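Written below as structure tokens is the structure these notes are about.
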Protein chains: 2
Amino acid sequence: MDTQAEIEDFLLNGHLQYVPHVSIDCAIFGYHGQQLKILLIRNKFIQGWCLPGGYIKRTETLVKAANRIVKERTGIGNLFLQQFKTFGDPNRARINEFDEELWYKATGLRITKTNWLIDQTISVGFYSITDFSKSTPKPDLMSDDCKWFDIDRVPKLEFDHKEMIQEALHTMRVYLYHYPIGYNMLPEKFTLSEIHALYETLLGKKLDVSNFPKKLISLGLLKKLSEKRSIGPHRSPHLYKFDKTAYDKALKEGVVLT
Amino acid sequence: MDTQAEIEDFLLNGHLQYVPHVSIDCAIFGYHGQQLKILLIRNKFIQGWCLPGGYIKRTETLVKAANRIVKERTGIGNLFLQQFKTFGDPNRARINEFDEELWYKATGLRITKTNWLIDQTISVGFYSITDFSKSTPKPDLMSDDCKWFDIDRVPKLEFDHKEMIQEALHTMRVYLYHYPIGYNMLPEKFTLSEIHALYETLLGKKLDVSNFPKKLISLGLLKKLSEKRSIGPHRSPHLYKFDKTAYDKALKEGVVLT
DNA sequence: TGTCTATTTCGTAGTTTTTACTAAATAAAA
DNA sequence: TTTTATTTAGTAAAAACTACGAAATAGACA
């Protein structure tokens with residue numbers, strides 16, 4: 001969706017390709033080193049920061065649509081994605097504040113209040129997690145900026161997106177305590193320090209440097225490899241990989257990570 | 001919505017009052033004695049069992065809409081209600097199988113495939129819990145029966161409603177392990193046996209008769225009253241009530257009930 | 001070749017929580 | 001008064017968790 005013709009077609013005929021009245025918003029969490037970030041876009045029309053979002057094609061499942069949206073903003077496909085809540089407060093979108101002139105300035109197109117985009121919308125929230133250093137943030141049609149913010153330095157957000165982030169963070173952390181995470185988020189082979197740091201970053205709290213890895217091992221989630229990694233003037237850590245069978249079982253039945 | 005005129009108005013102009021393309025389906029769980037049940041309705045048009053559902057008024061929040069739907073089917077308002085998942089598979093509603101003749105026979109009205117009701121719909125799932133003996137099940141406009149089924153004797157269900165029940169049950173049980181439940185679901189004063197039986201019924205598993213109540217007490221959730229209840233030729237149980245402060249704190253911060 | 005340093009990782013003691021079970025208490029019926 | 005069913009206190013053993021000390025060790029550096 002880049003050419004003027006495509007944009008015009010989206011505005012005029014989008015309701016034939018997409019399901020009207022329903023959108024998806026994505027809380028895309030990024031970690032790297034010890035920092036947790038979230039990806040935001042700056043909406044052209046209301047001149048404020050929002051979660052990346054989009055509409056659902058009539059042929060798509062919800063998770064497929066969320067995956068498409070996340071890929072368009074980050075360049076990364078097949079991320080861990082989970083639905084966390086659906087938002088439908090009638091006042092959430094503030095469609096009464098629609099500004100025809102701003103829209104015209106930004107797109108060069110005249111649309112009216114009867115356009116399918118300017119109507120009450122219920123939004124399904126998804127969160128995803130990725131290594132932000134591997135992403136290439138890109139604004140969408142409606143936005144003029146797209147970048148990562150430290151999770152504790154998020155600017156003022158439009159609509160109900162602040163609440164969305166809080167809900168997403170809460171759901172993600174509850175999930176993290178009950179299911180292993182890391183497959184597709186760590187390299188195939190990794191050290192205990194690496195998975196320890198990942199969990200600390202996502203949970204936003206300290207985990208015992210010795211007991212936490214021991215717990216993962218005692219649950220049978222990790223398989224110790226004979227290889228080591230040389231990373232400095234000190235004892236080299238062993239490499240581990242996930243025991244896929246135990247990992248999948250834990251995803252299905254749940255575990256408790258303290 | 002009972003008169004023919006009201007039904008006709010709903011079919012022709014419902015999209016003005018309700019948000020099109022979005023519905024709510026409710027998994028209404030009922031307990032009594034030691035039995036867990038679920039409320040189902042029998043759809044007139046496809047002649048099959050479904051979860052009770054409905055549309056969202058443009059002025060309503062999602063939870064308010066769910067509350068209205070639950071009250072219409074059970075006669076009970078202000079139930080514990082929680083969103084569990086939103087369903088949007090493009091094939092979930094099978095709108096291609098729409099039968100104009102069946103619809104005419106049931107309602108006396110001719111509607112076409114272009115009617116707002118016959119279009120792709122994304123459904124927000126809520127579950128609720130109530131004492132089924134206090135309910136008065138009532139079918140809706142689209143159904144000719146509405147009754148409780150034992151949770152392990154659910155008939156074949158239409159659409160994706162079997163998956164919905166499974167997801168609802170799973171979410172409800174996970175919730176139950178992490179938050180206290182029972183306020184508004186037990187009388188103000190109750191015995192340890194009563195809350196023990198409620199949890200066993202909802203979780204579908206045995207809980208230790210001595211340790212489970214002790215856990216609740218050690219968490220400070222219950223306040224022992226001086227009154228007792230006489231219920232047979234044996235030691236009379238003490239009555240308890242919830243410590244509202246501790247209960248609300250547990251709802252907010254979570255607890256672990258094993 | 002030895003020390004030094006930073007980090008990994010093993011071991012374990014002390015504590016808390018959970019689990020399983022026993023037995024005392026007791027209200028009403030026989 | 002005895003019997004019976006249930007509530008509920010008590011506790012021993014097992015398991016899990018926590019905190020922390022110390023051994024192992026790879027590379028830097030003298």
Side-chain angles (χ1 to χ4, degrees), chain A residues 33-34 176-178 180 182 186-187 189-201 203 205-243 246 250 253-258, chain B residues 33-34 176-178 180 182 186-187 189-201 203 205-243 246 250 253-258:
Chain A
Q34 294 280 61
L176 225 55
Y177 279 111
H178 294 280
L186 288 166
K189 300 169 182 178
F190 51 86
T191 68
L192 295 180
S193 288
E194 284 165 358
I195 192 168
H196 176 242
L198 173 67
Y199 265 85
E200 279 197 344
T201 304
L203 288 175
K205 69 175 229 183
K206 289 277 168 224
L207 299 167
D208 189 277
V209 69
S210 162
N211 294 330
F212 177 73
K214 255 189 291 189
K215 179 81 193 186
L216 292 176
I217 292 166
S218 77
L219 288 168
L221 289 170
L222 303 183
K223 260 206 293 239
K224 191 176 191 167
L225 305 174
S226 50
E227 300 167 70
K228 295 180 180 185
R229 174 178 293 163
S230 293
I231 45 165
H234 52 71
R235 182 173 178 177
S236 298
H238 272 274
L239 287 173
Y240 286 76
K241 66 175 184 179
F242 286 109
D243 178 328
E253 298 172 12
V255 290
V256 179
L257 304 171
T258 32
Chain B
Q34 292 281 61
L176 225 54
Y177 280 111
H178 295 279
L186 287 167
K189 301 169 183 178
F190 51 86
T191 68
L192 295 181
S193 288
E194 284 165 356
I195 192 168
H196 175 243
L198 174 66
Y199 265 84
E200 279 198 343
T201 304
L203 288 174
K205 71 173 226 183
K206 288 279 167 222
L207 298 168
D208 190 276
V209 69
S210 165
N211 293 329
F212 178 74
K214 256 190 288 189
K215 179 81 191 185
L216 291 176
I217 292 166
S218 77
L219 287 169
L221 288 171
L222 302 183
K223 260 206 293 239
K224 190 175 190 168
L225 304 175
S226 50
E227 300 167 70
K228 295 182 181 185
R229 175 178 294 164
S230 293
I231 45 165
H234 52 73
R235 185 172 175 179
S236 298
H238 273 274
L239 287 173
Y240 286 76
K241 65 175 185 179
F242 285 109
D243 179 328
E253 297 171 13
V255 289
V256 179
L257 304 173
T258 32

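In the text below, chain A, chain B and the rest are named by the order of the sequence lines, each starting its count at 1. Keep in mind that what you see is a predicted model, and the values were worked out from it rather than measured.
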Whole Å only: how far is the [atom1] atom of [X] from the [atom2] atom of [N]?
X: B/Leu219; N: C/dT17; atom1: CG; atom2: P; answer: 10 Å
X: A/Glu194; N: C/dT9; atom1: CD; atom2: C1'; answer: 16 Å
X: B/Ile231; N: C/dA27; atom1: CD1; atom2: P; answer: 12 Å
X: B/His238; N: C/dA27; atom1: NE2; atom2: P; answer: 9 Å
X: A/Asp208; N: D/dC20; atom1: CG; atom2: C1'; answer: 8 Å
X: A/Leu216; N: C/dT9; atom1: CG; atom2: P; answer: 13 Å
X: B/Leu222; N: D/dA9; atom1: CG; atom2: P; answer: 12 Å
X: B/Lys215; N: D/dA9; atom1: NZ; atom2: P; answer: 17 Å

Aromatic contact, A/Tyr199 with A/Phe212 (centres under 6.0 Å):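 Here the rings of A/Phe212 and A/Tyr199 have centres that are less than 6.0 Å from each other.
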Taking the side chain of B/Pro237 as its heavy atoms from C-beta onward, which of C/dT7, C/dT9, D/dT7 lies nearest to it?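 Among the listed nucleotides, the one closest to the side chain of B/Pro237 is D/dT7.
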Between the base of C/dA20 and the side chain of B/Asn211, is one N or O donor paired with an acceptor at under 3.5 angstrom?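 Yes, the side chain and the base share a sub-3.5 Å donor-acceptor pair.
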Within the modelled atom types, does a donor on one side and an acceptor on the other bring the side chain of A/Arg235 and the base of C/dT8 under 3.5 Å apart?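 Check passes, donor-acceptor contact within cut-off.
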Taking for each residue the nucleotide of DNA chain C with the nearest heavy atom, is it B/Val256 or B/His234 whose nucleotide lies nearer the 5' end?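 Final value for this comparison: B/Val256.
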What contact category does [X] fall into here, base, sugar-phosphate, or nothing, at under 4.0 angstrom with non-hydrogen atoms?
X: A/Lys214; value: base
X: A/Ser193; value: sugar-phosphate
X: A/Leu192; value: sugar-phosphate
X: A/Ser210; value: base

Compare side-chain N and O positions of A/Ser236 against OP1 and OP2 of C/dT8 and report whether any pair is under 4.0 Å apart.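 So the side chain of A/Ser236 is outside the cut-off, no N or O lying under 4.0 Å from OP1 or OP2 of C/dT8.
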Check whether any side-chain N or O of A/Lys224 sits under 4.0 Å from OP1 or OP2 of C/dC10, and answer yes or no.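 For C/dC10, OP1/OP2 do have a side-chain N/O of A/Lys224 under 4.0 Å.
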Hey, which sits more toward the 5' end of DNA chain D by its nearest nucleotide, B/Tyr240 or B/Pro233?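 Nearest nucleotide further toward 5': that of B/Pro233.
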Are A/Lys205 and A/Glu200 ion-paired here, with the side-chain N under 4.0 Å from a carboxylate O?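 No, A/Lys205 and A/Glu200 are not salt-bridged.
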Cationic N near anionic O, under 4.0 Å, B/Glu194 to B/Arg229: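 Between B/Arg229 and B/Glu194 there is a salt bridge, with a charged N closer than 4.0 Å to a carboxylate O.
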Measuring from atom OG1 of B/Thr191 to atom CD1 of B/Ile231, what distance do you get when rounded to the nearest 0.5 angstrom?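 CD1 of B/Ile231 is found 6.0 Å from OG1 of B/Thr191.
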Between B/His178 and A/His178, is the side-chain contact (heavy atoms from CB on, under 4.5 Å) condition met? List the steps. CA-CA 12 Å; B/His178 295 279; A/His178 294 280; 3.1 Å; yes
